[in-house]
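Only one structure is covered here, and it is reproduced in the block below.
This one's a predicted model, so the numbers in the text were calculated from it and none came from an experiment. Throughout, a chain's letter reflects where its sequence line sits, starting with A, and its residues are numbered from 1.
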2 protein chains.
Amino acid sequence: MHSPTENRDTLTKRLTDTGLRPTPQREVVFKVILEKRTHPTADEIFAMVKAQMPTISLATVYNCLETLVQNGLVRQVNFDRAPTRYCPNLHEHAHFHDEVTGEVHDIEVPVELLSQLRALLPAGYDASAIELSFRGKASPLPGHN
Amino acid sequence: MHSPTENRDTLTKRLTDTGLRPTPQREVVFKVILEKRTHPTADEIFAMVKAQMPTISLATVYNCLETLVQNGLVRQVNFDRAPTRYCPNLHEHAHFHDEVTGEVHDIEVPVELLSQLRALLPAGYDASAIELSFRGKASPLPGHN
DNA sequence: GTAGGAATTGGAATAATTCTAATTCTTAAT
DNA sequence: ATTAAGAATTAGAATTATTCCAATTCCTAC
Ligand SMILES: [Mn+2]
Ligand SMILES: [Mn+2]
Ligand SMILES: [Zn+2]
Ligand SMILES: [Zn+2]
């Protein structure tokens, strides 16, 4: 388990290690994404962050998100025509978008399968990113709740 | 090969077979998507359609597209934060988005592989759609142009 | 301590899409 | 043929997510 302090230090360290200035705004945005692992949208993040830092602006949230994404600390996840969501899981993984609840779940993808996907591409095609997403409903299993 | 007339009749038939009124607007929108297999956006479609039918409105293009998509005559394709594109290829397939040229290419996916993808989902997860897309660059092969 | 660049801020601007309410078309019955 | 009723089209306004802008504030290296 990480203490809150330890956690915050780790977080600060991840920013500085990446060559980013650990501004309070970046830290709180990053923290919120790491804590709520629910793939929040920019303005969900804005709302949560504002509770801790009432002076922060939405523009700054967008700026921080862009920085975090560009530096590989956070992943950006897009669904059909919906607002962009942000994910702290850096493993290559897929997403399941529950069309009933709106929830987004991470789906692990074996590297083995990823290379099979890459192999679909004709010669000369070089993919820098693969995006795999499922949409549907996740029924609770009978006997589980 | 299909003559233009034959083509137009087929197209009309596909609309009526689906239970849709074959309005001139729907026909021309559909025709444009079938001809230009380049995954055009709504306003690229609007521009092309307008040449043949100068009075059509953008709202109608959007309405037609929605109808065609809902009735399974055309597929909708979304990339990162870019405008929605439309694809007449009804086979389940993936897309390669060339980040240099902006072009979009269809990638065929064996059903076998699709079921492996489905198998990634935990029990109780039922996917009504799977989206797979690649982003990267497609270098022309040496010796080919 | 200061200068210079980096980051933040509020508000305006943009871009894609959807909504609204009025008009025009089609269709199917009379 | 006429007509009523519903369907589709239209122009323009509205919405939403995101980006841009210019001014201010903040840090950091000297
Ligand atoms: Mn939101
Ligand atoms: Mn466009
Ligand atoms: Zn995720
Ligand atoms: Zn396609």
Side-chain angles (χ1 to χ4, degrees), chain A residues 11-12 15-33 39-50 52-71 73-87 97 102 104, chain B residues 11-12 15-16 18-33 39-50 52-71 73-86 97 102 104:
Chain A
L11 185 149
T12 305
L15 289 170
T16 54
D17 283 359
T18 315
L20 296 175
R21 283 198 197 168
T23 68
Q25 289 85 349
R26 285 174 181 170
E27 294 195 349
V28 65
V29 166
F30 195 10
K31 177 154 71 78
V32 155
I33 297 174
H39 301 83
T41 65
D43 52 62
E44 283 163 0
I45 293 167
F46 180 49
M48 295 185 289
V49 156
K50 219 174 181 181
Q52 300 171 55
M53 185 184 282
T55 59
I56 198 172
S57 77
L58 178 56
T60 299
V61 171
Y62 273 105
N63 290 339
C64 293
L65 290 172
E66 191 187 3
T67 304
L68 293 173
V69 168
Q70 280 179 348
N71 291 89
L73 295 172
V74 157
R75 273 193 51 180
Q76 199 169 334
V77 181
N78 293 293
F79 292 108
D80 276 1
R81 288 274 84 204
T84 299
R85 292 169 172 278
Y86 297 86
C87 168
H97 190 206
V104 174
Chain B
L11 185 150
T12 305
L15 288 170
T16 54
T18 315
L20 295 176
R21 284 198 195 168
T23 68
Q25 289 85 349
R26 285 173 181 172
E27 294 195 349
V28 65
V29 167
F30 196 11
K31 177 154 72 74
V32 155
I33 297 174
H39 302 82
T41 64
D43 52 60
E44 284 164 357
I45 294 167
F46 180 49
M48 295 186 287
V49 157
K50 218 173 183 184
Q52 300 170 55
M53 184 184 281
T55 58
I56 199 173
S57 77
L58 178 56
T60 299
V61 170
Y62 272 105
N63 290 339
C64 293
L65 290 171
E66 191 187 4
T67 304
L68 293 172
V69 168
Q70 279 178 349
N71 292 89
L73 295 171
V74 158
R75 273 192 50 179
Q76 199 168 334
V77 181
N78 294 292
F79 292 108
D80 278 1
R81 287 274 86 204
T84 299
R85 293 168 172 278
Y86 297 87
H97 191 206
V104 175

Going 5' to 3' along nucleotides 2-11 of chain D, which nucleotides have protein heavy atoms under 4.0 Å from the base (write B), which only from the sugar-phosphate (write S), and which from neither (write -)?
-----SSBBB
Who passes side-chain contact (heavy atoms from CB on, under 4.5 Å) against B:Val49, sequence neighbours left out?
B:Val28, B:Val29, B:Val32, B:Ile45, B:Ile56
Map B:Pro22 and B:Thr84 onto DNA chain C by nearest heavy atom, then report which one ends up closer to the 5' terminus.
B:Thr84
Pairing residues for B:Phe79 by the ring-ring contact (aromatic ring centres under 6.0 Å, His included) criterion, not counting sequence neighbours:
B:His97
Rounded to whole Å, please give me the gap between CG in A:Asp80 and C1' in C:dT18.
16 Å
Rounded interatomic separation in angstrom, taking CD from A:Glu44 and C1' from D:dT16:
14 Å
Determine, stepwise, if the pair A:Leu15 / A:Leu73 fulfils side-chain contact (heavy atoms from CB on, under 4.5 Å).
CA-CA 8 Å; A:Leu15 289 170; A:Leu73 295 172; 3.9 Å; yes
Any idea which of D:dA17, C:dT17, D:dT28 is nearest the A:Asp43 side chain?
D:dA17
Counting any heavy atom closer than 4.0 Å, what does A:Thr67 reach on the DNA or RNA strands: base, sugar-phosphate only, or nothing?
nothing
What is the distance, to the nearest angstrom, from the CD atom on A:Glu66 to the P atom on D:dT18?
12 Å
For A:Gln70 and A:Glu66: C-alpha separation, side-chain torsions, deciding distance, then whether side-chain contact (heavy atoms from CB on, under 4.5 Å) applies.
CA-CA 6 Å; A:Gln70 280 179 348; A:Glu66 191 187 3; 3.4 Å; yes
Pairing residues for B:Thr67 by the side-chain contact (heavy atoms from CB on, under 4.5 Å) criterion, not counting sequence neighbours:
B:Leu20, B:Arg26, B:Asn71
Euclidean distance, atom CZ of residue A:Arg81 to atom P of C:dA15 [Å, nearest integer]
15 Å
Taking five pairs at each end, how big is the angle between the two axes of the helix from C:dG1-D:dC30 to C:dT30-D:dA1, to 10°?
20°
Side-chain N or O of A:Thr41 closer than 4.0 Å to phosphate OP1/OP2 of D:dA17
no
B:Tyr62 vs C:dT17: side-chain N/O to OP1/OP2 distance below 4.0 Å:
yes
Sequence neighbours excluded, the answer for side chain to side chain donor-acceptor pair (under 3.5 Å) partners of A:Arg81 is B:Asn78, B:Thr84
Partners meeting side chain to side chain donor-acceptor pair (under 3.5 Å) with B:Gln76 (sequence neighbours left out):
none
If the condition is side chain to side chain donor-acceptor pair (under 3.5 Å), which residues does B:Ser57 pass it with, not counting sequence neighbours?
B:Thr60
Whole-Å gap separating C1' (C:dT27) and CG (B:Leu15)
17 Å
Could you state the CZ-P distance from B:Phe46 to C:dA16, rounded to the nearest angstrom?
13 Å
Quick one: closest heavy-atom pair of B:Leu58 and B:Phe46, and the distance?
N-CE1, 3.4 Å
